[in-house]
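So the structure is just underneath, and the comments pick up after that.
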Amino acid sequence: MPFIHIQSLPVSESHFSLNRILPAVSHDFSTALEMSQDFITVTWQFYPPNSYCVGGRVSPSQPKHTHPVLIEVFAPDFNSPEKIETMLTVVANSVAAYASIDVKNIFASFRPARAGQVFSNGVVEYW
């Protein structure tokens, strides 16, 4: 943990490669937060074309300036507000840079994982 979940419409850029982007996002997050990549999970899921509506408009692929890329950082609830701000900023800037998406078209949020409410490694986790 943490888990970084990214969602968007399909990206039509020819240079877009999840094989390149996901490890880079993990690396940037790991470096900025001084944690091993062994604990970081990054996923990217695509909405089907025309299944994401913003302002009354749908799109078959990820536009540059509408239909924000959605990012959720799911991490333990013991992180300080400053650390959460760092997490959100790093992941948004990293996704923007590697996926060629305007950082102003990214919506990132933090979801706290509460001690005693997470099952991992065969046990309910407490921290």
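A75 and M1 make their closest contact through CA-CG, 4.0 Å (heavy atoms, listed as atom of the first residue, atom of the second, distance). Closest approach of V90 and A32 over heavy atoms only: CG2-CB, 3.5 Å. Annotation for L9 and F46: closest pair O-CD2, 3.4 Å, computed over non-hydrogen atoms. For the residue pair P76 and F110, the shortest heavy atom distance occurs at O-CZ, 3.8 Å.
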- Task: Applying side-chain contact (heavy atoms from CB on, under 4.5 Å), run through Q117 and E125 and close with a yes or a no.
- Result: CA-CA 7 Å; Q117 297 180 3; E125 297 280 359; over 6 Å; no

- Task: Applying side-chain contact (heavy atoms from CB on, under 4.5 Å), run through F16 and I21 and close with a yes or a no.
- Result: CA-CA 8 Å; F16 184 87; I21 294 168; 3.4 Å; yes

- Task: I would like to know whether Y98 and L22 meet side-chain contact (heavy atoms from CB on, under 4.5 Å); could you show each step before the answer?
- Result: CA-CA 9 Å; Y98 297 116; L22 297 181; over 6 Å; no

- Checking side-chain contact (heavy atoms from CB on, under 4.5 Å) for the pair M87/L33: CA distance, chi angles, key distance, verdict? CA-CA 7 Å; M87 289 180 191; L33 293 154; 3.5 Å; yes

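Each side-chain hydrogen bond (donor to acceptor under 3.5 Å, both in side chains) pair with one or both residues in residues 84-94, not counting sequence neighbours, appears once here: D28-S94. Residue pairs meeting the salt bridge (Lys or Arg N to Asp or Glu O under 4.0 Å) criterion with at least one partner in residues 69-83, sequence neighbours excluded, are E72-R111, D77-R114.
A continuous path of Ile, Leu, Val, Met, Phe, Trp and Tyr side chains, each step under 4.5 Å between heavy atoms, connects M35 with V25, placing both in one hydrophobic cluster. Tracing side-chain contacts under 4.5 Å through hydrophobic residues (I, L, V, M, F, W, Y), one reaches L18 starting from V95; they form part of the same cluster. Two different hydrophobic clusters hold V123 and V118 under the rule that ILVMFWY side chains link at heavy-atom gaps under 4.5 Å. Clustering ILVMFWY residues whenever any of their side-chain heavy atoms sit less than 4.5 angstrom apart, transitively, puts V73 in a cluster other than the one holding F3. Both V91 and I84 are assigned to one and the same hydrophobic cluster, defined by single-linkage of ILVMFWY side chains at heavy-atom distances under 4.5 Å.
Looking only at atom types and distance, the side chain of S59 has no donor-acceptor partner in the side chain of H67 under 3.5 Å away. Judged purely by distance below 3.5 Å, without hydrogens or angles, the side chains of Q37 and S26 pair a donor atom with an acceptor atom.
Under the 4.5 Å side-chain criterion, counting only non-hydrogen atoms from C-beta, I106 is in contact with I71. With a 4.5 Å cut-off on side-chain heavy atoms, H5 and T41 do not count as touching. The side-chain heavy atoms of I40 and P2, taken from C-beta on, include a pair separated by under 4.5 Å. For the pair P10/Q62, no side-chain contact is recorded, criterion being any heavy-atom separation below 4.5 Å from C-beta on. Proximity of T43 to I4: side-chain heavy atoms (C-beta onward) are nowhere separated by under 4.5 Å. Between V69 and F107 the shortest side-chain heavy-atom distance does not fall below 4.5 Å. Two residues are said to be in side-chain contact when any heavy atoms from C-beta on lie closer than 4.5 Å; I101 and K64 fail this criterion.
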Report all side-chain donor-acceptor pairs from residues 47-58 shorter than 3.5 Å, counting only partners two or more places apart or in another chain.
from, atom 1, to, atom 2, distance (Å)
Y47, OH, Q7, OE1, 3.1
S51, OG, P48, O, 2.5
Y52, OH, P68, O, 2.7

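In the displayed structure, F78 atom CZ is contacted under 6.0 Å by more than 12 heavy atoms of other residues, nucleotides or ligands.
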